[in-house]
Amino acid sequence: MATVAVSKDQSVWGGGKSPYALSYGKLMMWFFLMSDAFTFGALLISLWTTRFSVSSWPDPNQVFKTFPLMGEADLPLVFVSLMTFILILSSVTMVLAVQAGHNMDKKGAAKWMIFTIIGGLCFLSCQAWEWTHLFHEGAWWGRNPFPNRDGSLPTTAFTNYFFTVTGFHGFHVFSGVVINCVILANILGGTYERRGHYEMIEKVGLYWHFVDLVWVFVFTCYYLL
Amino acid sequence: MSNEVILEGGQAVSAHHGEVHEHHEHHDTFITKYVFSQDHKMISKQFLITGMFWGIVGGLFSVIFRLQLGYPDTHFPFLETLLGHWAPDGKLNPEFYYALVTMHGTVLVFFVLTAGLSGTFANFLIPLQVGARDMASPFMNMLSYWFFFLASVVMFASLFVQTGPASGGWTTYPPLSALGGASDGSKAGMDLWLIAMALFVVSQLLAGLNYISTVLNMRTKGLSMTKLPLTVWALFFTAVLGVLSFPVLLSGFILLLFDRHMGTSFYLSNITLASGQVLPNEGGSAILYQHLFWFLGHPEVYIILLPAMGMASEILSINSRKPIFGYMAMVGSLFAICILAFLVWAHHMFVTGLNPFLGSFFVLLTLLIAIPSAIKVFNWLTTLWRGNIRFTPAMMFAIGFVSLFISGGLTGIFLGNSALDLHLHDTMFVVAHFHIVMGVASFFGMFAGIYHWYPKMYGRYLNNTLGYIHFWVTMIGAYCIFWPMHYEGLAGMPRRYPDVSNWHSFNMFGGLNEFISAVALVVFSVQLLFIFNFFYSIFKGRKVRTQNPWHATTLEWTTPIRPGHGNWPGEIPEVHRWAYDYSKDGRDFIPQTEPLGDHESGH
Amino acid sequence: MSEAPSHGHDAAGHDAGHGHQGTTMTTKRIWTVFWILLGITLVEVVWGMKVSHTIPHQYEWLNPVFFLSMTFVKAGYIVAEFMHLRYEVTAMIRSVLIPLLLFIWFVLAFCFDGASWLHLRQAYSYNPNDKQATQTEQPAPAEGTLK
């Protein structure tokens, strides 16, 4: 929403230039991310509305306590912490790619973008492992084997929302990885050298950070609260 | 072409040839010019014509179901010819009646009044009125139309499936819409409806992002936000409303699709079928869907209304030869409506099981939203007052818009009170209210816009006589159709019922229903007359010979009569004043491009 | 993903793409923020594993308060630093953040209603299939009502 800027520099809003000093592409990405925030927000708020409408809910410490290759070990929330770490790290490598782009450093931008893609793929693999593991325990859309905290029989709401929200998030991570690959190809092909700026990395960077941001909220809603 | 007219007419086209961004001579093929066009003017016409097609379809649905309501005991053999097994023996199958009202609502709200109204005019007017060569991203603009087209194809296909189109009301509440077994219209037709709507949301998002970025980033030099015409402000806020609220609808639909096909229970709980079987779903709530739906649903009605408001403001001002009264108040009230629109959604849910205490907050917010709406009404009336009015067909529709907005808006105050809503919800009173305030009013805004900007779109005028006939029949007809419904609603007659003859409280309206149906048929026919006028005039209409036929101040009238790709053949003009210098300093109008005089006060 | 050729508009925007006024985002800062985010996450996990179940009943409200505030701190760092919002024009920051305030009413209204449904089910649901219901007997019909 535009506010009529009562600023010292009235001419910023005077037409002929962007009042936000941003290219239209970046502006569009920001506003798209705001709309996507409402999509995820609606899903998470629906989750919370449902949680308020039932008397008890499974304990995340009991549900999410496994770790790949550790068999029956009871390691509550350790795996998801690893996933969070991976995603945050990939956000950092993305920022470094953007920074390399600012310096017109083609090799650096490519290197950090590759790390970001690897980070995204690792996250997706972890999520796939988590899903498979839960599926083998009997959880799926419409099936919830995990008892509530107070011992009562659970509704399927827990798993319904879990798979929907993490699935939607995972889909965004996947599409982000695909987009990043396309951008990587463009970097290596010299498209941005010719164009004279690496702003495209910033734009997809915004998308990638948004995906990380959503994960922060999903992590809290599902694994902590 | 009349480029010479511009160059000789001394419009602000400088001779700096080095600066001229004349478009690379791409030779458009038929496909790139008319089909996969990236030109905003062509895309706007694509939206308009697709919207008009859907308007005929949706209007036809209403004529058919009005036949049932007006003549409940009559058999119409032609219905069976037309609809086959959906109207056995010339009488509508009740299931199909529900499908008709559902699709009427869906098609008109989304495909005609959202895509056809804001899709057309945002696309057409924004670049022209902000002084841009095209939208920020012409490619995304093209995609937005083609996603809309795809959505249209899927929705149209849903009309023809074996089990029939979606029939749970345009609001498609679960559990009816979630359980295929509950109704034939909740089978394949419902899935296609959801897919079509998902594509539609994508189209609106692509479009809205473009409009916002163009208005913010691509205004020409000198055109500050406070010099923008109200049309652009309205379309800008419309886009903001859409970008923030359509995603919530998408989430709601995703959860509904999962409930339908993945065995989830987002909206389902404690369902016992007629056969006695108890479904396993539990933990969900149907009211959750309603919250999600109306979180979009309310901003949606403002998405429909705001462009009409913006265009009406513009057309009233131009044809009164007066500046719009209270420009900043108009902008401020658009802004206030934009914010409040997000806060009032549950006034559609007062009797659903919504917590009544929570409901009281929604009552307060709903009554608050009446305030900026009223400010706008006062400003429109004061713009007209003592104006030098030119009663063009566009002006007639704009004045009609104000009338309808007042009538329909006032009944909204009744409905916004949850206590009164206990009696009035789901009755014909509600039907009357939203048709007048949103349906007909926005249509009038749309018609006003079409009549007013048709010369710019096609370089010809629409036929005036047909225009006046169109206006008067529709105006009188719309009041004749919807006004009586208030009384029916107060008596308790429910909406969406195909047959009310069994209820003594409200089965005495037979004559009135007949009258309404007869008028509806007449009004529908006159819309067909308008369609004829539209297409005929493209080829045979009186040609536009002057660059600025309405003597308006805004930038679109500084382009050639048939603007080409890039809109201005030379430099884009600079703007020096606001858009409403009419009857100022003894001059009829002063274009925005004219610099301020030495002793002239700015806006 | 290539941008449409610039038609002479957006010249300034084009410049803004690689002319950030005084960006102070250094490599050092990036890694600092990373360690902050990681640190907060670890604290949250430890709280989630050890504290949230053993906390006395009257202090249970601290759990959501803690987790949510830490979440918003992390979100703030990601948006402000990684997404660079802190370094943008003030009007831009406002344009992004102010609409998000809508979430406040969104969350409040939805969750309030959710809680209301639980109350309704517990107090008034006589459906034997409703697991939330706590009423066991159907109420007697009121005096003088229509049959």
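Chain identifiers are assigned alphabetically (A, B, ...) following the order of the sequence lines, protein sequences preceding nucleic acid strands; residue numbering begins at 1 within each chain. Computed from a predicted structure; not experimentally measured.
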Worksheet item: How about C/Phe103 and A/Phe38: are their ring centroids closer than 6.0 Å?
Response: yes
Worksheet item: Tell me, do C/Arg121 and A/Ser53 make a side-chain contact under 4.5 Å, heavy atoms counted?
Response: yes
Worksheet item: Do you know which of C/Met92, C/His119, C/Glu81 has the most heavy-atom pairs under 4.5 Å to chain A?
Response: C/Met92
Practice prompt. Any chance you could lay out the side chain to side chain contact (heavy atoms under 4.5 Å, CB included) test for A/Leu96 and C/Thr27, step after step, and finish with the verdict?
Written response: CA-CA 7 Å; A/Leu96 291 167; C/Thr27 311; 3.8 Å; yes
Worksheet item: Taking C-beta and beyond as the side chain, do A/Met29 and C/Met83 meet within less than 4.5 Å on heavy atoms?
Response: no
Worksheet item: Is it the backbone or the side chain of C/Trp31 that comes under 4.5 Å from a heavy atom of chain A, or both, or neither?
Response: side chain
Worksheet item: Between C/Val33, C/Leu100, C/Val96, which has the largest tally of heavy atom pairs under 4.5 Å with chain A?
Response: C/Val96
Worksheet item: When rounded to the nearest 0.5 angstrom, what is the spacing between OG in C/Ser52 and CG in A/Asp59?
Response: 7.5 Å
Worksheet item: Could you go step by step and tell me if A/His209 and C/Val79 meet the side chain to side chain contact (heavy atoms under 4.5 Å, CB included) rule?
Response: CA-CA 8 Å; A/His209 296 308; C/Val79 172; over 6 Å; no
Worksheet item: Between A/Leu44, A/Val80, A/Asn61, A/Leu224, which residue shows the highest count of heavy-atom pairs closer than 4.5 Å to chain C?
Response: A/Leu224
Worksheet item: What part of C/Phe72 lies closer than 4.5 angstrom to a heavy atom of chain A: side chain, backbone, both or neither?
Response: side chain
Worksheet item: With respect to chain C, which residue among A/Trp30, A/Phe217, A/Trp48 yields the maximal number of heavy-atom pairs within a distance under 4.5 Å?
Response: A/Trp30
Worksheet item: If you count heavy-atom pairs under 4.5 Å between each of A/Val92, A/Thr84, A/Thr155, A/Leu33 and chain C, which one has the most?
Response: A/Val92
Practice prompt. Compare all side-chain heavy atoms of C/His84 with those of A/Val95 and state whether any distance is below 4.5 angstrom.
Written response: no
Worksheet item: Which atoms of A/Pro60 come close to chain C, meaning under 4.5 Å heavy atom to heavy atom: side chain ones, backbone ones, both, or neither?
Response: neither
Discussion item. At a heavy-atom distance under 4.5 Å, which candidate from C/Phe106, C/Trp117, C/Phe112 has the highest pair count against chain A?
Written reply: C/Phe106
Worksheet item: Considering only heavy atoms, which portion of C/Leu102 lies under 4.5 Å from any heavy atom of chain A: side chain, backbone, both, or neither?
Response: side chain
Item to complete: List the atom of C/Met49, the atom of A/Pro76, and the distance in Å for their closest heavy-atom pair.
Response: SD-O, 3.0 Å
Discussion item. Does C/Tyr77 have more than 12 heavy atoms from other residues, nucleotides or ligands lying within 6.0 Å of its OH?
Written reply: no
Worksheet entry | Donor + acceptor pair across side chains of C/Gln122, A/Ser55 (<3.5 Å) | no
Discussion item. For a 4.5 angstrom cut-off between non-hydrogen side-chain atoms, does C/Lys74 reach A/Phe219?
Written reply: yes
Worksheet entry | Side chain, backbone, both or neither of A/Leu27 within contact of chain C (heavy atoms, under 4.5 Å) | side chain
Discussion item. Other residues, nucleotides and ligands only: do more than 12 of their heavy atoms fall within 6.0 Å of CZ on A/Phe174?
Written reply: no
Discussion item. Between C/His53 and chain A, with a heavy-atom cut-off of 4.5 Å, which part of the residue counts as in contact: side chain, backbone, both or neither?
Written reply: side chain
Worksheet item: So, for A/Leu225 and C/Pro64, which heavy atoms are closest and what is the spacing to 0.1 Å?
Response: CD2-CA, 3.4 Å
Practice prompt. Count the heavy-atom pairs under 4.5 Å between each of A/Leu89, A/Val78, A/Thr50 and chain C, then report the option with the highest count.
Written response: A/Leu89
Item to complete: Could you tell me whether the side chain of A/Asp212 and the main chain of C/Ile78 form a donor-acceptor pair under 3.5 Å?
Response: no
Discussion item. Just so I understand: if I count every heavy-atom pair under 4.5 Å between each of A/Val98, A/Val54, A/Leu153 and chain C, which residue has the most?
Written reply: A/Val54
Item to complete: Report yes or no: does A/Arg51 contribute a side-chain atom to a donor-acceptor pair with the main-chain N or O of C/Cys111 at less than 3.5 Å?
Response: no
Worksheet item: Looking at A/Arg149, A/Met104, A/Gln99, which has the largest count of heavy-atom pairs under 4.5 Å with chain C?
Response: A/Gln99
Item to complete: Report yes if the distance between the aromatic ring centroids of A/Phe210 and C/Phe82 is under 6.0 Å, otherwise no.
Response: no
Worksheet item: Where is the tightest heavy-atom contact between A/Trp13 and C/Ala91, given as atom of each residue plus distance?
Response: CZ2-CB, 4.2 Å
Worksheet item: Heavy atoms, side chains only, cut-off 4.5 Å: are C/Phe67 and A/Tyr223 in contact?
Response: no
Discussion item. Taking the side chain as everything from C-beta on, heavy atoms only, tell me whether A/Phe85 gets closer than 4.5 Å to C/Thr41.
Written reply: no
